[in-house]
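These notes are about the structure you will find just below.
Since we're looking at a predicted model, the values are computed, not measured. Below, read A as the first sequence line, B as the second, and so on, with proteins coming before strands; counting in each chain starts at 1. As a basis for the values below, the full set of heavy atoms in this structure was taken, side chains included, without hydrogen atoms, waters or symmetry mates.
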Amino acid sequence: MSRQIKAPRGTFDVLPDDVPLWLKLEAASREAFGRYGYSEIRTPLVEETRLFVRGIGEATDIVEKEMYTFPSKGRDDSISLRPEATAGIVRAYIQHNFHKKAPLQKLAYMGPMFRYERPQAGRQRQFHQVGVEVLGTHMPEADVETIALALDVFKGVGLLDVDLKLNTMGCTKCRDHYRAAISEYLAERAGGLCGDCRRRMERNVFRVFDCKVEACRGLLEGVSSIDEYLCGDCATHFDGVVRLLDELDIEYRRDNFLVRGLDYYTRTVYEFAHSALGARDAVGGGGRYDNLVEELGGPPTGAVGFSIGSEATLLAVADRSTGGSSEGEGFQALAALVMVDESVKRVAFRLLGELRCRGISADMPFEIKSMKAQMRAANRRRARAAVIIGPGELDRGRVKVKDMAGGEEIEVEIGRIVDAVSEILARPAL
RNA sequence: GUGGGCGUAGCUCAGAAGGUUAGAGCGCCAGGUUGUGGCCCUGGAGGCCGGGGGUUCGAAUCCCCUCGCUCACCCCA
């Protein structure tokens, strides 16, 4: 047991039973992408390490201790597994000269990301995200479009009760002013802060905002909102976002303490939360990052995007559907071939091929066991039709076809087998 | 990296003042129906009781170490 090879910590297998759930999320996402005019892009799972260092920020936990970084073979520099998708997409945007060809790009992606962290509920080392990036505009319409799109993805998987939290971080200048004010305010009261928060003051003051310690929360009640520090343009932009959300009847909660994890966010930030999740209740989040393209070597370019955590979202979906275990009743549009004895195997195999060629899902066992066992297996797979092939019938050029739902069984000529099976599969579910 | 909880059959879990063949339900296999599933009945297979060490006449049970899972913190999707 202890020597058995298992999936590495923080990774997991999506087993066949769960794959439909993942497909549903992917289908809902692609459907929404199409409806909103976003094109899917696929960037590498590995990038040069310096892309993330420059994009995400050298002093962030992600870069400092959570990246899977290793030297590439040959003479290439250090490469890293992507901890998020935005940096790679921005890199592609610049590399392929989109800013010259067609500056406005609405891009979508989905796939695995990697961060070396202690796993917990809804958090894995290999995790998956679905997201979009709008590159090439500063307009608040873009911010709101991404929010509406994300909500449509959630709706597509049946998650209607996600809460939208909204805030603005301002531009670099507004943020610097605000940061200074917060630091000053907190420094005067540092004695009342927990140890973590005193450390946060050095590293990233805004993180004090989501401290869970009671004392810290109390102190935070006295801090001023960023609204007082926003420049005219940033205030106008945020007003625009709010107005447009109202226009679309999208409900949101202004959260002055909402600070997104990544450093590159500017102006609008937002997060989607779901109550079913526990401590880590975010199912997704996003915001504007107007400096990132320039930071990575491109021209000044407005940009906004979100990412949805697939695991968290699926957890929330699964939580909703507990209780309604409608297992066992539904039959599949599948024909199970049942062989009475070894002598009919060749013919059965040929009939199997014929059914499959004609577009019918059909299967038969490789090794013939008792008929009872074959019937049991057919039932377990919820096959709607059973085709029973025995030497007696075969002598008359016939086989038996049974409706596993109703139980009735008829004998048909071999030439009519496709029609007979089709007819049963087409019958309404019971 | 830190802290809590938990590791017994394929799955969910009983069993722990140490005592001899370690249990249940579900699942699986088979029989009841020598060519027919689902329900029911009967039987069966399946456990280094996570791993290592220690205490003891004797350890699933007590002690130490270790690995793993899990939840939470940090951080974050």
Side-chain angles (χ1 to χ4, degrees), chain A residues 1-10 12 17 56 60-66 82-86 110-131 150 194-197 199-200 203-204 207 210-213 259-263 271-274 277-286 306-316 328-329 331 336 338-341 343-344 368-394 399-409 430:
Chain A
M1 219 49 152
S2 62
R3 300 208 55 80
Q4 188 180 345
I5 299 176
K6 296 186 299 193
R9 161 172 272 200
F12 59 96
D17 281 353
I56 299 170
T60 58
D61 276 35
I62 292 182
V63 170
E64 266 185 5
K65 43 187 210 192
E66 294 178 1
R82 63 180 187 191
E84 55 99 50
T86 305
M110 58 182 73
M113 312 293 160
F114 304 85
R115 292 183 201 171
Y116 183 86
E117 294 179 286
R118 246 342 228 284
Q120 71 183 65
R123 184 166 80 184
Q124 303 287 332
R125 288 181 176 178
Q126 176 178 333
F127 61 104
H128 299 75
Q129 289 185 333
V130 168
C194 70
D196 279 335
C197 282
R199 195 171 48 75
R200 287 171 175 132
R203 201 175 163 78
N204 183 355
R207 288 260 80 96
D210 38 41
C211 184
K212 287 153 186 145
V213 176
V259 181
R260 303 242 54 234
L262 278 27
D263 281 358
E271 198 163 286
F272 304 100
H274 193 273
L277 255 39
R280 236 192 52 58
D281 64 350
V283 285
F306 69 75
S307 70
I308 288 173
S310 302
E311 285 78 7
T313 301
L314 261 20
L315 267 182
E329 290 311 310
F331 283 90
V338 172
M339 290 160 286
V340 171
D341 62 40
S343 74
V344 302
I368 303 177
K369 298 205 283 187
S370 77
M371 211 178 140
K372 181 172 183 160
Q374 292 179 64
M375 289 298 288
R376 247 203 302 267
N379 185 61
R380 188 162 35 226
R381 291 190 52 188
R382 309 271 66 193
R384 180 65 196 262
V387 178
I388 295 149
I389 303 159
E393 294 89 333
L394 240 37
V399 295
K400 281 179 174 153
V401 178
K402 178 171 185 171
D403 182 342
M404 294 292 279
E408 60 274 20
E409 182 175 287
L430 294 180

What is the nucleic acid contact for Gly407(A), judged by heavy atoms within less than 4.0 Å: base, sugar-phosphate only, or nothing? base

Quick check: closest heavy atoms across Arg260(A) and Arg207(A), and the distance to 0.1 Å? O-NH1, 3.7 Å

Rounding to an integer number of Å, can you tell me how far Ile368(A) CD1 sits from rG35(B) P? 14 Å

When you check every protein heavy atom under 4.0 Å of nucleotides 70-77 of chain B, what one-letter string (B, S, -) results, 5' to 3'? -SBBBBBB

Is it true that Glu117(A) and Arg125(A) make a salt bridge, defined as a side-chain N closer than 4.0 Å to a carboxylate O? no

Represent RNA chain B in dot-bracket notation, 5' to 3'. Only Watson-Crick or G-U wobble pairs with both distances under 3.5 Å count; pseudoknot-style crossings use [ ] and interstrand partners use |. (((((((..((((.....[...)))).(((((.......))))).....(((((..]....))))))))))))....

Contact class for Glu64(A) (heavy atom, under 4.0 Å): base, sugar-phosphate, or nothing? nothing

Under 3.5 Å, is there an N or O donor on one side and an acceptor on the other linking the side chain of Glu409(A) and the base of rG37(B)? no

In whole angstroms, how far is the C1' atom of rG37(B) from the CG atom of Asp403(A)? 12 Å

Salt bridge check, Glu64(A) against Arg203(A): does any charged N sit closer than 4.0 Å to a carboxylate O? yes

Identify whether any heavy atom of Ala7(A) sits under 4.0 Å from a base atom; if not, whether one sits that close to sugar-phosphate; answer base, sugar-phosphate or nothing. nothing

What is the minimum heavy-atom distance between Phe272(A) and Gly285(A), and which atoms define it? CD1-N, 4.1 Å

Mind running a 4.0 Å heavy-atom check of residues 371-380 of chain A against RNA chain B and sending the residues that fall below it, in number order? Met371(A), Lys372(A), Ala373(A), Met375(A), Arg376(A), Asn379(A), Arg380(A)

